[in-house]
Each structure stands twice: as C-alpha cells, then as structure tokens.
Amino acid sequence: MPLTHTKELFAKALKGKYALGAFQRKQHGAHPGHCGGLRRGKGAVDSPDFKGARQYANPVYLKKLIEAAVSLSNVPIAVHLDHGDTFELCKQCIDEGFTSVMIDASHEPFDKNVEICKKVVDYAHKFNCSVEGELGHLVGAPIRRWRGRRRPFHQRPLTNPDEAVKFVMESGVDSLAIAIGNSHGAYKFKGEQHLDLERLKVIKKALMDANLGDYPLVLHGASSVPKYLVDEINKYGGKMPDAQGVPEADIEVARRVGCTKVNIDTDLRLAMTAGIRKVFSENPKEFDPRKYLGPARACVKDLVRHKVKDVLCCAGHAFD
C-alpha cells in the first residue's frame, strides 16, 4: 500500500475522536524484528528519529526497513520524522519521500522558533509534506514543582494558549506538539501525577476561537510505562525503581479533547527489554538473536495492539 499523509489521517482522527499512534523507530528500530512487531500491531504513523537512528544504523538501510514494513502492511501508513532539529535534516527527509516531518525548535525563543518552522513549512508544502512544530518545554513533572499554587499560564514552562494561536498562524505548521506536563523517558512522575488536561482544553478552545478549526495537537512524551513491564524487567535483573509514566486515562481524555497523534517510544523499549531479559534469565546459555528477539518482538506486538485498541481507539478506522 502506498504511503499516505498525516494531514489526511489527522482529519479522519479528529472526526472520529480517536488518536494515531506514532510508534518510534530509534536506535532499536534498525532491527527488522522491531519493525515487524510494529507492523503487526497496526501502527498508523511510523515515526523514525532519523538523526538518532543514523548514529546507530546506515540511513539507507533504515529507509529500506521502513519501506519493507510499509509494503507488507494492509493499513494506511505515513512516515514521519520525529524531532528534526535543523532545516537541512527536514529537507533531506522530505527529499527522500517522507510524508511528514517535525521541526523541533522549541528550545529557541518564540520568534526564532516561528522563523525556523516557517522555513521548513515553505519547503515541505511544495512536496505535499505535512509539518509538525513544537511550542513549550517537555520537562519532568512540572505540576509537582508548582506545589499546588495556581500561577498564570505564562509563568509555567508549558504551552501558553495565546502563544499557541500566534505560533500556528505565523509559522503555518499543520500540527502542534504541546507541553502539558508530558515528558520523555521512563521517569516522568513521582507519586500520583497527571497531565494538565485543563490547559489542553484551553489551548484547543483558543485555536478554535481563532478560526483555526478543529486543529490537530500532538502529545509527545506520552508513554505510560506499564507497571507489568517494569516489574518484568526488575524481576529478571533490571533496576528501574520509581519508573512511572502518563496514566492511560489521561491519554484517553487528551484523545477525546483533540490530541490527534500520540508518540510512544519508551513503552516499546520497555516491552523489548522485558522480553529479552526474560529469555536471558531463563536460558543464560542462549546466544541466538532469533531466540531472544522473537519473544521481544511478540511483547512489542502485544503492547502496540493494546495501545491501538484500548487507549488510542483507532483500531478498525484504517479505511474510514
């Protein structure tokens, strides 16, 4: 099946109130077993971190692995660059046929972020390629550090609703990754913590009031760090104390509000690691990669199936 575009997928997702899973292909993505686990799990958006992957595998090899996974799939798939940090990297991926790119200049001042994103947008749209930008900072559990104090939006290191409107209008990005307490990695929260879902609702309403329609928002750092996987890793020799992610209930609310794409990476790493550790622990003499990567791939497949069916609720919507 030929590649599709995130713009089309997002429009359908917004209408159906489901979210697309952007299952990451980073260092581990260079192995065909991992690709197979994602494909069989019916992932809708294949999202390689191209810069990180190039440090691990030849980009030509990585591209061919993705092409193979797409050719064997029976659902529409878009190939998206995650966290591209320069115009040059985004241009390279666009020229190679990616249907979507993310330019992450969120570390820059607002005006510089807009400038960089607009440059990518102007080039990408010539090739019918969608562009995702990011506004705000994905930091570890900022809600915890507020200590219950209600501060104005502009005093928090998260996405400002008014700035979100200005950013979208000036940069022209097709979707926006926002910061509402989400964070990369396996140690997002301590104790009972949640996303700032009220902020999400305000951002969504601000975009709607600015006549930008049902604008697609993206949630990065949204792995839920399933306890059963952490327990499995620790059981078989791992050391992951206090690992905790975004509650799946929060992701479900975010999906209904309008987070159209949810990036998932850490959970895939945990699933693969749990599968490998179990084999090595039960059979320490094993050295055949097929014997430990096969079960690891099955763990990834089961996890993706759960996310697609029970959390993102995009199962069965491939041909809406």
Side-chain angles (χ1 to χ4, degrees), residues 6 9-10 13-14 17-26 29 38 41-49 52 78 80-83 100 102 104 106 132-144 157-159 164 175-190 192-201 203-204 216-230 243-272 300 303-315:
T6 52
L9 296 175
F10 288 173
L14 287 167
K17 298 297 182 184
Y18 58 86
L20 303 175
F23 298 104
Q24 306 293 299
R25 303 279 176 91
K26 292 190 177 179
L38 293 184
K42 302 294 190 261
V45 180
D46 185 28
S47 185
D49 181 339
H80 170 75
L81 168 68
D82 187 47
H83 289 289
S100 177
M102 177 194 183
D104 182 3
S106 59
E132 174 187 329
E134 181 169 324
L135 185 66
H137 302 281
L138 271 63
V139 294
I143 296 176
R144 183 175 71 252
L158 306 180
T159 303
S175 60
L176 182 66
I178 58 172
I180 55 172
N182 39 323
S183 172
H184 293 298
Y187 301 91
K188 305 182 194 299
F189 301 120
K190 287 186 178 179
E192 191 68 25
Q193 298 294 334
H194 296 275
L195 299 177
D196 191 343
L197 296 171
E198 289 305 312
R199 177 183 297 269
L200 169 61
K201 294 174 184 177
I203 293 171
K204 190 73 177 180
L217 299 175
V218 176
L219 198 61
H220 286 246
S223 285
S224 58
V225 189
K227 186 176 184 302
Y228 78 92
L229 288 176
V230 174
Q244 187 170 328
V246 176
E248 289 187 343
D250 284 15
I251 297 174
E252 292 174 14
V253 173
R255 164 181 58 81
R256 291 195 296 269
V257 172
C259 278
T260 313
K261 178 166 75 74
V262 177
N263 287 33
I264 298 172
D265 177 17
T266 297
D267 286 354
L268 303 181
R269 298 184 184 202
L270 293 173
M272 198 154 201
V300 172
L303 175 73
V304 172
R305 181 188 290 115
H306 164 66
K307 296 289 186 181
V308 166
K309 180 176 179 292
D310 303 321
V311 182
L312 306 177
C313 296
C314 57

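Predicted model only: the values in this text are computed from it and were never measured. We're numbering straight along the sequence, starting at 1.
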Checklist entry - Taking all non-hydrogen atoms of both residues, which atom of S100 and which atom of H80 are closest, and how far apart? => result OG-ND1, 2.7 Å
Item to check | C313 SG to Y18 OH distance, which is reported to the nearest 0.5 Å | outcome: 11.5 Å
Checklist entry - Is any side-chain heavy atom of L219 less than 4.5 Å from a side-chain heavy atom of V246? => result no
Item to check | Non-hydrogen atoms of G245 and K188 that approach each other most closely | outcome: CA-CD, 3.8 Å
Next on the checklist: Can you see whether K307 engages S224 through a side-chain donor-acceptor pair at a distance of less than 3.5 angstrom?
Outcome noted: yes
Next on the checklist: How long is the straight-line distance from CG of D104 back to CG of D82, given to the nearest 0.5 Å?
Outcome noted: 8.5 Å
Checklist entry - Is it true that a side-chain atom of R256 and a backbone atom of K17 form a donor plus acceptor pair closer than 3.5 Å? => result no
Item to check | Side chain proximity check, H184 to T266, heavy atoms < 4.5 angstrom | outcome: no
Checklist outcome for this item: The reported gap from CD1 in I203 to CG in L176 (rounded to nearest 0.5 angstrom) is 8.0 Å
Next on the checklist: With rounding to the nearest 0.5 angstrom, report the CD1 to CG distance, I180 to D196.
Outcome noted: 7.0 Å
Next on the checklist: Set out, in order, the CA-CA distance, both residues' side-chain angles and the distance that settles side-chain contact (heavy atoms from CB on, under 4.5 Å) for T260 and T6, then state yes or no.
Outcome noted: CA-CA 10 Å; T260 313; T6 52; over 6 Å; no
Checklist entry - Hey, mind stepping through L9 and K261 against side-chain contact (heavy atoms from CB on, under 4.5 Å) and telling me if it holds? => result CA-CA 10 Å; L9 296 175; K261 178 166 75 74; over 6 Å; no
Checklist outcome for this item: Result for side chain to side chain contact (heavy atoms under 4.5 Å, CB included) between F23 and one of N263, V308, D267, D265 points to V308
Checklist entry - So which heavy atom on L195 is nearest to which on G181, and how close? => result CD2-C, 3.9 Å
Checklist entry - Would you say N182's side chain and A222's backbone share a donor-acceptor pair under 3.5 angstrom? => result no
Checklist entry - Who passes side-chain contact (heavy atoms from CB on, under 4.5 Å) against V257, sequence neighbours left out? => result L200, K201, K204, V253
Checklist entry - Given the rule in the side-chain contact (heavy atoms from CB on, under 4.5 Å) test, do Q244 and V225 qualify, once you have shown the distances and angles that lead to the verdict? => result CA-CA 6 Å; Q244 187 170 328; V225 189; 5.7 Å; no
Checklist outcome for this item: On a heavy-atom basis, the closest approach of P226 and L270 is CD-CD1, 4.4 Å
Next on the checklist: Do V304 and I264 have side chains that approach each other closer than 4.5 Å (heavy atoms only, starting at C-beta)?
Outcome noted: no
Next on the checklist: If I compare all heavy atoms of A177 with all of H220, which pair ends up nearest, and what's the gap?
Outcome noted: CB-CD2, 3.4 Å
Checklist entry - Checking T159 side chain against L135 main chain: does a donor-acceptor pair fall under 3.5 Å? => result yes
Checklist outcome for this item: Closest heavy-atom pair, A179 versus H137, reported as atoms and distance to 0.1 Å, is CB-O, 3.4 Å
Checklist entry - Residues in salt bridge (charged side-chain N to carboxylate O under 4.0 Å, His left out) with E252, at least two apart? => result none
